[in-house]
Amino acid sequence: MRKSSLGQNFLFDKSILRSIVGVAGLSPEDTVVEIGPGPGTLTRLLAEGVKRVIAVEVDERLFERLKHDLIGYRNVEPVLGDALKFPYEEIGKFKVVSNIPYYITTPLLFRLLEAKKNVKTMTLTIQKEVAERIVAGPGGRAYGVLSIMVQYQAHPELKFVIPKEAFRPVPKVDSAVVHIDILEEPSVTVKNEKVFARVIKTAFAQRRKTLSNSLKGFGKDIGEKLLRCGIDPRRRPETLSIGEFGCLSDALEKIHEDRI
């Protein structure tokens, strides 16, 4: 039985599921983490082509059913637990293929990026709007903190859209499959990643304001530092590239953390 509080909307269409597996680019030697396997429809397809599937399920009833139904799959390891607390750093190199519950998409994505030394790729079925934010470039309304923080560490691509009618029960919005390749090195070099992240979050907290206004808490000379990076202080945060945010964070790097 589905628990609405867990954001459970299950995808049963095997043609769509096979397309997801195809996008993931799996090999027989791969370890795959699936988050929220539910009834195990995708789990079975994954198990047919990889060495190991770790299926992390938070719903105890679904977990017990999964253990029973997949008992014949020796390469599937059902795990009862919270995906946000799972020790990804302890399982070696792996790929993620999953239909992510909407309500944990952003925190889970950041949790997986924390374990990026172990993560090779992520193929995620998520809310279409969130997928569009992840892949967005400068200049549009979708571009923001999530876009920059993912693209700083990875290369994301929106592969295809799944209409909401393909899920049971039917959610209110369409979904999309996004494939994320973790970069060996960040897309830009910054002196301090914490400063970089805080500059971005501060700027977008007041995205309708000019940068000179939204970042004035960084000091009276913020306009000078913006100009030093070739950035007009009258610009708004959604117009800046990741590289420009990198330059700006380096210019502000010497400010004491308490002031950020």
Side-chain angles (χ1 to χ4, degrees), residues 1-26 30-50 52-86 88 94-109 111-112 119 121-134 156 158-180:
M1 182 179 292
R2 170 187 179 268
K3 287 186 179 180
S4 59
S5 62
L6 297 178
Q8 296 165 326
N9 300 91
F10 302 127
L11 180 60
F12 294 98
D13 188 317
K14 287 194 174 180
S15 64
I16 297 176
L17 291 169
R18 289 192 184 97
S19 295
I20 293 170
V21 174
V23 164
L26 304 175
D30 281 331
T31 292
V32 172
V33 172
E34 183 190 7
I35 296 156
T41 312
L42 176 60
T43 317
R44 291 175 177 83
L45 291 177
L46 293 171
E48 291 171 2
V50 302
R52 181 187 184 197
V53 179
I54 301 171
V56 184
E57 178 58 63
V58 72
D59 186 325
E60 189 169 354
R61 287 176 295 178
L62 285 172
F63 169 73
E64 293 299 330
R65 174 181 166 184
L66 195 69
K67 280 202 306 181
H68 177 269
D69 291 352
L70 299 182
I71 197 168
Y73 290 82
R74 295 187 178 182
N75 60 338
V76 176
E77 302 172 26
V79 175
L80 178 63
D82 184 346
L84 293 171
K85 299 177 181 177
F86 185 81
Y88 300 102
F94 65 93
K95 296 179 180 180
V96 181
V97 184
S98 187
N99 172 20
I100 302 296
Y102 290 164
Y103 78 104
I104 64 165
T105 299
T106 299
L108 181 58
L109 190 51
R111 172 68 188 98
L112 289 167
V119 182
T121 64
M122 294 183 260
T123 304
L124 307 176
T125 303
I126 57 179
Q127 188 174 342
K128 179 173 174 280
E129 180 186 352
V130 177
E132 289 171 341
R133 286 165 53 202
I134 288 171
L158 197 161
K159 292 297 188 177
F160 60 91
V161 174
I162 305 175
K164 58 182 181 290
E165 291 80 12
F167 294 86
R168 293 294 179 272
V170 178
K172 295 180 180 179
V173 295
D174 292 336
S175 294
V177 175
V178 61
H179 182 74
I180 301 172

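In what follows, every heavy atom counts, from backbone to side chain, and hydrogens, waters and symmetry copies are set aside.
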Asker: Measure the NZ-CD1 distance between K14 and I20 for me, rounded to the nearest 0.5 Å.
Answerer: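 Between atom NZ of K14 and atom CD1 of I20 there are 13.5 Å.
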Asker: Given T125, which of I16, V97, N99 fulfils the side-chain contact (heavy atoms from CB on, under 4.5 Å) condition?
Answerer: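 Testing each of I16, V97, N99 against T125, the sole residue satisfying side-chain contact (heavy atoms from CB on, under 4.5 Å) is N99.
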Asker: Taking all atoms of both residues into account, what is the closest heavy-atom pair of V178 and P156, and its distance?
Answerer: CG2-CB, 4.3 Å
Asker: Keeping N9 on the side-chain end and P169 on the backbone end, is there a donor-acceptor pair under 3.5 Å?
Answerer: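 Yes; judged by distance alone, with no hydrogens or angles, the pair exists.
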Asker: Once rounded to the nearest 0.5 Å, what's the spacing between atom CG of D30 and atom CG of L26?
Answerer: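 These two atoms lie 5.5 Å from each other.
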Asker: What's the separation between atom CD in E129 and atom OG1 in T105, rounded to the nearest 0.5 Å?
Answerer: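 Nearest 0.5 Å value for the CD-OG1 distance: 11.0 Å.
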Asker: Kindly indicate whether the side chain of F94, heavy atoms from C-beta on, has any atom under 4.5 Å from the side chain of V119.
Answerer: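 A side-chain contact exists here, since the closest heavy-atom pair is under 4.5 Å.
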Asker: Nearest 0.5 Å, what's the CD-CG distance between E64 and D69?
Answerer: 11.5 Å
Asker: Looking at I35, is its backbone amide N or carbonyl O close enough to the side chain of S98 to form a donor-acceptor pair, meaning the two atoms are under 3.5 Å apart?
Answerer: yes
Asker: So V79 and E57, do their side chains get closer than 4.5 Å, heavy atoms only?
Answerer: no
Asker: Is there side-chain contact between V50 and T31, with heavy atoms separated by less than 4.5 Å?
Answerer: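 Heavy-atom side-chain distance check fails, nothing below 4.5 Å.
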Asker: Is there a side-chain contact between L17 and F12, using heavy atoms and a 4.5 Å cut-off?
Answerer: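 Counting from C-beta outward, L17 and F12 never come under 4.5 Å.
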Asker: Determine whether a donor-acceptor pair (N or O, by modelled atom type, separation under 3.5 Å) exists between the side chain of D59 and the backbone of R61.
Answerer: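 Indeed, once roles are kept as given, a pair shorter than 3.5 Å links the two residues.
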Asker: Report all side-chain donor-acceptor pairs from residues 38-45 shorter than 3.5 Å, counting only partners two or more places apart or in another chain.
Answerer:
residue	atom	partner	partner atom	Å
T43	OG1	E34	OE1	2.5
R44	NH1	P39	O	3.3
R44	NH1	G40	O	3.0

Asker: Search all heavy atoms of A131 against all heavy atoms of L158 and return the closest pair with its distance.
Answerer: CB-CD1, 4.0 Å
Asker: For K164, is there any backbone N or O sitting under 3.5 Å from a side-chain donor or acceptor partner on D174?
Answerer: yes
Asker: Give the C-alpha distance, both sets of side-chain angles, the deciding distance and a yes or no for side-chain contact (heavy atoms from CB on, under 4.5 Å) between E77 and R52.
Answerer: CA-CA 8 Å; E77 302 172 26; R52 181 187 184 197; 2.7 Å; yes
Asker: Pair V96, T123 - check side-chain contact (heavy atoms from CB on, under 4.5 Å), show working.
Answerer: CA-CA 6 Å; V96 181; T123 304; over 6 Å; no
Asker: Are the side chains of L46 and V76 in contact, using a 4.5 Å heavy-atom criterion?
Answerer: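 SC-SC contact between V76 and L46 ruled out.
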Asker: Verify salt bridge (charged side-chain N to carboxylate O under 4.0 Å, His left out) between E132 and K128, making sure each step is shown before the conclusion.
Answerer: CA-CA 6 Å; E132 289 171 341; K128 179 173 174 280; 2.8 Å; yes
Asker: With a 4.5 Å heavy-atom cut-off, do Y88 and V33 have their side chains touching?
Answerer: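 Yes - at least one pair of side-chain heavy atoms lies under 4.5 Å apart.
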Asker: Report yes if some heavy atom in the side chain of I180 is under 4.5 Å from a heavy atom in the side chain of L109; otherwise report no.
Answerer: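 Answer yes - side chains close enough.
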Asker: Atom CD1 in I100, atom CD1 in I126: separation rounded to 0.5 Å?
Answerer: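 The CD1 atom of I100 sits 8.0 Å away from the CD1 atom of I126.
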Asker: Do I162 and F160 touch side chain to side chain, with heavy atoms closer than 4.5 Å?
Answerer: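 With C-beta onward as the side chain, the pair touches.
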Asker: Is a side-chain donor or acceptor of R111 paired with a backbone partner of F86 at a separation under 3.5 angstrom?
Answerer: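 Confirmed, R111 side chain pairs with F86 backbone.
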Asker: Minimum heavy-atom separation for V161 and S175, please, with both atom names.
Answerer: CG1-O, 3.3 Å
Asker: Keeping the roles fixed (side chain from R168, backbone from E165), state whether a donor-acceptor pair exists under 3.5 Å.
Answerer: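 Checking the backbone N and O of E165 against the side chain of R168, a donor-acceptor pair under 3.5 Å is found.
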Asker: Please check if the side chain of Y73 supplies one atom and the backbone of V53 the other of a donor-acceptor pair under 3.5 Å.
Answerer: no
Asker: Where do A166 and L11 come nearest, in terms of heavy atoms and distance?
Answerer: O-CD1, 3.5 Å
Asker: Start with the C-alpha distance between T121 and H179, add both sets of side-chain angles, then the distance that settles side-chain contact (heavy atoms from CB on, under 4.5 Å), and finish with yes or no.
Answerer: CA-CA 7 Å; T121 64; H179 182 74; 3.8 Å; yes
